[in-house]
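In what follows, a structure is listed as structure tokens, so that the remarks can point back to it.
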Amino acid sequence: MPTVEFAAQRMRSHLLGEPAPTLAGAAGHMLAVQAQEFWAGRWALAVRTAGDPVLREVDAAFEDGTLVRSWTQRGTLHIVRSTDLPALLAVTADRQQRAAAGILRGLAVDDAVLARAERAARSALCGGGRLTREAFADVLRGAGIDPAASRGNHILSALAVRGVLAFGPVVPRAGGPTREQFLVAVDELPAARGVADPLADIFAGYVRSHGPARVEDFRWWAGLPIGLSRRAAETAGDRVVELEPGLFAAREPAAEVPVPRPSAIVALPPFDEYYLSYADRTTLCTRELAQRIGPTLNGQVAPVLVAGGRVVGVWRHSVALGRHHLPPEPVEVTDPEVAASEVAAALARVSRFLTG
């Protein structure tokens with residue numbers, strides 16, 4: 001597949017050429033966006049939504065229950081529509097629980113401890129209750145469970161993977177962008193979307209929002225075994241089309257795919273799906289630049305600049321109190337044809353999102 005066409009299809013799949021009309025629409029299309037840095041996950045949705053929404057508008061979608069954040073796959077926090085959370089966990093929870101089992105054993109957290117924690121959490125959250133992380137730790141103490149030495153955080157993530165609780169409305173923060181969330185009960189969120197075959201549905205959703213992509217890409221993104229990932233591709237049926245052996249795209253007319261302008265610049269957040277959610281990240285990024293972007297040894301992934309579908313640079317910004325109002329700045333741009341004014345315009349859009 002020619003690189004320009006490939007990049008055009010990826011940009012369109014990621015809503016970076018044709019944004020969704022609403023935040024909920026962007027979240028539903030993307031299925032899950034990585035969000036261990038909370039501001040980054042919210043910008044990942046805003047940049048894919050028409051009308052340049054600002055941070056408080058994304059926060060409103062958490063307040064009304066449209067969006068939640070949870071450990072949906074790979075033991076990593078993602079933002080999803082609340083109605084999509086149960087189907088995702090139906091596919092990924094077992095694998096995540098197996099991966100976490102050794103850590104929980106080392107912390108002396110067995111099934112009995114988790115059952116006691118679940119009962120206490122459900123009681124505290126029943127009827128619209130909300131808990132901060134600190135209040136959740138107090139709930140554990142009240143149930144006779146010591147949350148020290150990271151036990152509280154691992155119990156929290158274990159209950160999230162079990163579908164008991166999730167991060168919902170934001171905690172107010174004076175003087176800077178919001179960054180914390182209240183925990184809420186999953187069974188009090190809007191009713192889950194009915195899915196007959198969650199595995200096939202998630203593969204089709206991944207290809208729709210990330211394609212063209214390979215089974216190996218889906219395996220990495222979903223954190224599933226390769227055999228189960230291949231079965232997902234087989235059962236997705238006519239919702240996907242195989243462009244070449246192992247390479248899938250959504251079934252839609254190729255003529256509708258626009259070619260992005262080579263000069264069009266998009267500033268994407270750290271850990272963005274456009275760069276990170278593939279087993280091979282060098283398809284649209286040079287190997288040398290990918291090494292600088294990450295993931296680094298400590299797991300960090302830099303925010304990136306995309307021009308014409310290709311990753312061409314990195315940028316930086318701080319959301320710390322007293323610094324969030326400062327403009328983001330480019331760190332490196334590898335393509336000499338990229339105009340500084342276009343980079344500045346893309347980064348100004350990030351500033352408007354955080355401060356508008």
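- Smallest separation of non-hydrogen atoms from V301 and G294: CG2-C, 4.3 Å.
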Passes salt bridge (charged side-chain N to carboxylate O under 4.0 Å, His left out), E118 versus R122? Steps please.
CA-CA 6 Å; E118 179 174 340; R122 287 188 183 277; 3.0 Å; yes

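- Using a distance-only test at 3.5 Å, with no hydrogens or angles considered, a donor-acceptor pair links the side chain of W315 to the main chain of L268.
- From H154, atom NE2 reaches atom CD1 of I103 across 5.0 Å, with rounding to the nearest 0.5 Å.
- Nearest approach of L125 to L183, heavy atoms of both residues: CD2-O, 3.4 Å.
- Shortest non-hydrogen contact noted between A267 and W43 is O-NE1, 2.9 Å.
- When atom types are taken as modelled, the side chain of S70 and the backbone of A166 share no donor-acceptor pair closer than 3.5 angstrom.
- Proximity of F136 to I155: side-chain heavy atoms (C-beta onward) are separated by under 4.5 Å at one or more points.
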Without placing hydrogens or testing angles, list every side-chain donor-acceptor pair under 3.5 Å for residues 189-199, not counting sequence neighbours.
unit_1, atom_1, unit_2, atom_2, d
R193, NE, D84, OD1, 2.7
R193, NH1, D201, OD2, 3.4
R193, NH2, D84, OD1, 3.2
R193, NH2, D201, OD2, 3.1
D197, OD1, L199, N, 3.3
D197, OD1, A200, N, 3.3

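- Between N153 and R133 the shortest side-chain heavy-atom distance falls below 4.5 Å.
- Put simply, the side chain of E188 gets close to the backbone of G127: a donor and an acceptor are under 3.5 Å apart.
- The closest donor-acceptor contact from the side chain of S13 to the backbone of Q9 lies under 3.5 Å.
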Evaluate side chain to side chain contact (heavy atoms under 4.5 Å, CB included) for T334 paired with R292, printing each intermediate quantity in order.
CA-CA 12 Å; T334 59; R292 292 192 284 278; 4.1 Å; yes

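- At a threshold of 4.5 Å between non-hydrogen side-chain atoms, the residues L89 and T92 count as touching.
- For the residue pair Y274 and G309, the shortest heavy atom distance occurs at OH-O, 2.5 Å.
- The aromatic rings of W221 and Y206 are tilted relative to each other, their planes meeting at an angle between 30° and 60°.
- Taken to the nearest 0.5 Å, the OG1 atom of T286 stands 14.0 Å off from the CZ atom of R281.
- Between R48 and A26 the shortest heavy-atom distance is O-CB, 3.9 Å.
- Residue pairs meeting the salt bridge (Lys or Arg N to Asp or Glu O under 4.0 Å) criterion with at least one partner in residues 134-152, sequence neighbours excluded, are D138-R141.
- With values rounded to the nearest 0.5 angstrom, T49 atom OG1 is found 9.5 Å from E57 atom CD.
- Between L165 and L131 there is no side-chain heavy-atom pair separated by less than 4.5 Å.
- Under the 3.5 Å distance criterion, the side-chain polar atoms of Q96 are matched with a main-chain donor or acceptor of T72.
- V80 and L31 make their closest contact through CG1-O, 3.3 Å (heavy atoms, listed as atom of the first residue, atom of the second, distance).
- Here the side chain of T22 pairs a donor or acceptor atom with the backbone of G25 at under 3.5 angstrom.
- Considering only heavy atoms from C-beta on, W39 comes within 4.5 Å of P270 through its side chain.
- The backbone N or O of P212 lies less than 3.5 Å from a partner atom in the side chain of R10, making a donor-acceptor pair.
- Residue-environment remark: CZ (R74) exceeds the threshold of 12 foreign heavy atoms within 6.0 Å.
- Between S229 atom OG and W220 atom CH2 the span is 13.0 Å, to the nearest 0.5 Å.
- T283 places none of its side-chain heavy atoms less than 4.5 Å from the side chain of R214.
- Residues L77 and V186 do not share a hydrophobic cluster, clusters being chains of Ile/Leu/Val/Met/Phe/Trp/Tyr side chains in contact below 4.5 Å.
- Residues M11 and V306 are in side-chain contact: their nearest non-hydrogen atoms beyond the backbone lie under 4.5 Å apart.
- In the model, E273 has a side-chain atom that pairs as donor or acceptor with a side-chain atom of H210 under 3.5 Å.
- No side-chain donor-acceptor contact under 3.5 Å links E37 to the backbone of G41.
- Around CZ of R173, the count of heavy atoms belonging to other residues, nucleotides or ligands within 6.0 Å exceeds 12.
- Taking the side chain as every heavy atom from C-beta outward, V304 and V266 never approach each other to under 4.5 Å.
- For the residue pair R42 and T178, a side-chain donor N or O sits within less than 3.5 Å of a side-chain acceptor on the partner.
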Mind listing the side-chain donor-acceptor pairs of residues 346-356 below 3.5 Å, one per line with the distance, residues two or more places apart or on another chain?
unit_1, atom_1, unit_2, atom_2, d
R349, NE, D52, OD1, 2.8
R349, NH2, D52, OD1, 3.1
T355, OG1, S351, O, 2.7

Check step by step if side chain to side chain contact (heavy atoms under 4.5 Å, CB included) holds for R310 and D335.
CA-CA 10 Å; R310 296 192 61 82; D335 186 345; over 6 Å; no

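- Of the residues listed (F167, F38, F182), the one engaging F62 in a ring pair (Phe, Tyr, Trp, His ring centres under 6.0 Å) is F38, and it is the only one.
- Between F218 and F248, the gap from one ring centroid to the other reaches at least 6.0 Å.
- A donor-acceptor distance shorter than 3.5 angstrom exists from the side chain of R69 to the backbone of A35, with no hydrogens or angles considered.
- Remark: side-chain polar atoms of E332 are not paired, donor with acceptor, to backbone N or O of G313 under 3.5 angstrom.
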Let me see the working for E63 and R130 under salt bridge (charged side-chain N to carboxylate O under 4.0 Å, His left out), right down to the final yes or no.
CA-CA 11 Å; E63 182 66 36; R130 299 178 177 184; 2.7 Å; yes

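- Separating the CG atom in L159 from the CG atom in L140 is a distance of 8.0 Å, to the nearest 0.5 Å.
- Note: L55 CG to R179 CZ = 13.0 Å, rounded to the nearest 0.5 Å.
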Run the side chain to side chain contact (heavy atoms under 4.5 Å, CB included) check on R239 and R251 step by step: do they pass?
CA-CA 6 Å; R239 287 181 288 178; R251 186 175 292 279; over 6 Å; no

